2 protein chains.
Amino acid sequence: MTPFDHPPVGMNLARTAKVIAQAFDAALVEAGGTLPVWLTLLSIKSRELANQRELAGMIGIQGATLTHHLNAMEAQGLLTRRRDPDNRRVHQVALTEAGEVMFLKLRTAALAFDKRLRAGLSDERLADFAEVLAALRANVEV
Amino acid sequence: MTPFDHPPVGMNLARTAKVIAQAFDAALVEAGGTLPVWLTLLSIKSRELANQRELAGMIGIQGATLTHHLNAMEAQGLLTRRRDPDNRRVHQVALTEAGEVMFLKLRTAALAFDKRLRAGLSDERLADFAEVLAALRANVEV
DNA sequence: ATCGAATCATTCGATATCTAACTGTATGGG
DNA sequence: CCCATACAGTTAGATATCGAATGATTCGAT
């Protein structure tokens, strides 16, 4: 498949990330949510009253994409948006009761998936893995 | 950002894969193509006359998605589709002259990007990295 | 005090992807 | 032989994402 001496790192990374993301999404659908819904809930919980720019940054998506998800989740009754009275440009996002419930359900699924993923891999091995990921990111920035 | 003891592997993997894929796509756009175009060209070159099911499998996308890319690339004059006379269900895909030229240009960009990505990482380290990727994939299958 | 620049969010239009349904073609068991 | 089943590809409809343009608000420099 490749005109490369070594199997290309990037391709391997992309393929692996894809199958894992798909499996994770399937696990979350099982639990009544989706991957973007989980990421959005997680970002909101980790910093209540953050503005949308900050939430998008935590998730690693653009503001426009987050707006989309928030619209859907607001329609589903998982969250509310309210303008910050101190700075009426920003929308403060907060979870509803239903949003909290969904968060807890998806967290259970996410924790189980993370455990499944780490099976058979030592902490040192995973730490080195994370370091390589960081190095790859660094090699691409700038 | 997380209710996890350890930073979750999957999230780290997904984020890294995303920024690297974006950087790679940018490099390919610089060279006159895109990531899906490159992957399609590469899959065709690595097995001339393969059918679309096989090509999609090599790239890691569904047949329907490949159809989309082939339509666009055929319209651009990069490739041709012809029915296999021995089995009129299958379409044999072949590159045109322009497709060959594009392949060479994008290959140069891809090789340069791969080199940039590996900078500062030993072969052993990358080999172990690839093994962990394989283990993660295995942990998710079935 | 006002106007231009910056900031936050939304809207718009495009691309990539998926699944499911459909079309056309091949094949094998009765 | 022929029909049920399987297979290759396309089409249709949905979701996720991005970048660019727009709207609303704030801030700062003169």
Side-chain angles (χ1 to χ4, degrees), chain A residues 14-15 17-26 28-29 33-41 43-44 47 49-76 79-94, chain B residues 14-15 17-26 28-29 33-41 43-44 47 49-76 79-94:
Chain A
R15 287 289 285 269
K18 183 173 180 175
V19 313
I20 289 179
Q22 285 173 339
F24 187 35
D25 186 61
L28 292 171
V29 166
T34 66
L35 181 46
V37 165
W38 162 243
L39 292 174
T40 304
L41 292 173
S43 68
I44 294 169
R47 177 132 152 51
L49 297 188
N51 65 41
Q52 296 185 199
R53 185 162 204 75
E54 291 168 323
L55 296 176
M58 278 189 260
I59 301 175
I61 58 178
Q62 294 306 118
T65 305
L66 182 63
T67 293
H68 216 73
H69 295 313
L70 293 180
N71 287 345
M73 292 171 69
E74 193 173 23
Q76 272 184 270
L79 53 84
T80 58
R81 278 185 278 195
R82 186 184 328 112
R83 299 197 92 102
D84 180 344
D86 292 347
N87 181 346
R88 296 180 33 74
R89 285 173 304 188
V90 343
H91 285 181
Q92 291 174 339
V93 178
Chain B
R15 287 288 286 269
K18 182 172 181 175
V19 313
I20 289 179
Q22 286 174 339
F24 187 35
D25 186 60
L28 291 171
V29 166
T34 66
L35 181 45
V37 165
W38 163 241
L39 293 174
T40 304
L41 292 173
S43 67
I44 295 168
R47 178 133 150 51
L49 298 188
N51 65 39
Q52 295 185 199
R53 186 163 202 75
E54 292 169 324
L55 296 176
M58 279 189 260
I59 302 175
I61 58 178
Q62 296 305 118
T65 305
L66 182 63
T67 292
H68 216 73
H69 294 313
L70 293 181
N71 287 345
M73 291 171 71
E74 194 174 23
Q76 274 185 270
L79 54 84
T80 58
R81 278 185 279 195
R82 186 184 327 114
R83 297 194 95 103
D84 180 344
D86 292 348
N87 182 347
R88 296 181 34 75
R89 286 174 302 189
V90 344
H91 284 182
Q92 292 174 338
V93 179

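Because the structure is a prediction, the values reported are computed rather than measured. In the text below, chain A, chain B and the rest are named by the order of the sequence lines, each starting its count at 1.
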All heavy atoms of B:D25 vs all of B:P36, minimum pair found to be OD1-CD, 4.5 Å
Closest contact, heavy atoms only, B:I59 versus B:S43: CD1-OG, 3.7 Å
Using the salt bridge (Lys or Arg N to Asp or Glu O under 4.0 Å) criterion, which residues pair with [X]? Sequence neighbours excluded.
X	answer
A:R47	A:E54
B:R81	B:E74
B:R53	none

To the closest 0.5 Å, what do you measure between CG (B:L70) and CD1 (B:I44)? 6.0 Å
State, with a plain yes or no, whether a side-chain heavy atom of [X] is found less than 4.5 Å away from one of [Y].
X	Y	answer
B:H91	B:R82	no
A:N51	A:R89	no
A:I61	A:H69	yes

Contact check, residues 80-90 of chain B vs DNA chain C, heavy-atom distance under 4.0 Å, returns B:N87, B:R88, B:R89
Could you check which nucleotide pairs with D:dT30 in any of the strands shown, counting Watson-Crick or G-U wobble with both distances under 3.5 Å? C:dA1
Distances for protein N/O vs nucleotides 14-18 of chain D N/O pairs under 3.5 angstrom?
from: D:dT17; atom 1: OP2; to: A:H69; atom 2: NE2; distance (Å): 2.5
from: D:dC18; atom 1: OP1; to: B:K18; atom 2: NZ; distance (Å): 3.1
from: D:dC18; atom 1: OP2; to: A:Q62; atom 2: N; distance (Å): 2.8
from: D:dC18; atom 1: OP2; to: A:T65; atom 2: OG1; distance (Å): 2.7

If you walk 5' to 3' along DNA chain C, what is the first nucleotide with an atom under 4.0 Å of a heavy atom in chain B, and what is the last? C:dA16 to C:dA26
Is a donor on one side and an acceptor on the other found under 3.5 Å between the side chain of A:D84 and the backbone of A:Q92? no
D:dA8 C1' sits how many Å from B:H91 NE2, rounded? 8 Å
Whole angstrom value for the distance that separates P of D:dG9 from CD of B:E74: 13 Å
